[in-house]
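Everything below concerns the one structure shown next.
Treat the numbers as computed from the prediction; the structure is a model and nothing was measured.
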Amino acid sequence: MSDIIDRANDQAQEELERNLAKAARFDQPSLTECIDCGEDIPERRQRLGGVTRCIDCQNNIEGRR
């Protein structure tokens, strides 16, 4: 029985690691202009770090609105 549980835990850990590797990183400098539309990125948003899009373009990418 423990073999099944161990394999399930290993699989869950691998999936978690894959998802974390794909996650956005906020430890890089932000851009001052959006890479999609060229509009200025507000300074407050730039302080997050690693920001490359304005709010509107990021919402479009994420399918929000």
Side-chain angles (χ1 to χ4, degrees):
M1 182 63 112
S2 64
D3 287 339
I4 294 170
I5 294 170
D6 289 339
R7 279 183 277 186
N9 282 336
D10 290 344
Q11 186 177 6
Q13 183 66 33
E14 289 171 5
E15 183 176 350
L16 175 63
E17 290 172 3
R18 279 193 306 271
N19 288 334
L20 287 174
K22 290 189 247 177
R25 303 221 188 280
F26 298 103
D27 58 349
Q28 301 294 318
S30 293
L31 299 179
T32 57
E33 293 181 357
C34 177
I35 61 171
D36 292 336
C37 70
E39 291 293 320
D40 289 339
I41 297 174
E43 186 176 323
R44 185 172 177 191
R45 181 164 169 76
Q46 290 178 32
R47 282 187 243 140
L48 293 173
V51 175
T52 59
R53 291 183 174 87
C54 67
I55 294 170
D56 289 337
C57 290
Q58 187 64 42
N59 285 338
N60 287 337
I61 293 290
E62 293 177 6
R64 296 182 190 167
R65 280 272 162 148

Q: Identify the heavy atoms of Ser30 and Arg45 that sit nearest to each other, and give their distance.
A: OG-O, 4.4 Å
Q. Can you name the closest pair of heavy atoms from Ile41 and Leu31 and give their distance?
A. CD1-O, 3.5 Å
Look up atom [atom1] in [X] and atom [atom2] in [Y], then write down how far apart they are to the nearest 0.5 Å.
X: Glu17; Y: Lys22; atom1: CD; atom2: NZ; value: 13.0 Å
X: Glu39; Y: Cys34; atom1: CD; atom2: SG; value: 8.0 Å
X: Glu15; Y: Leu20; atom1: CD; atom2: CG; value: 10.5 Å
X: Asp10; Y: Asp3; atom1: CG; atom2: CG; value: 10.5 Å
X: Glu14; Y: Asn19; atom1: CD; atom2: CG; value: 12.0 Å
X: Asp36; Y: Gln58; atom1: CG; atom2: CD; value: 8.5 Å

Q.
Hydrophobic clustering (ILVMFWY, side-chain heavy atoms < 4.5 Å, transitive) - are Ile35 and Val51 grouped together?
A. yes
Q: Tell me, yes or no, whether the heavy-atom count around Gln11 atom CD, taken from other residues, nucleotides or ligands under 6.0 Å, exceeds 12.
A: no
Q: Evaluate whether atom CD of Glu43 has more than 12 neighbouring non-hydrogen atoms of other residues, nucleotides or ligands under 6.0 angstrom away.
A: no
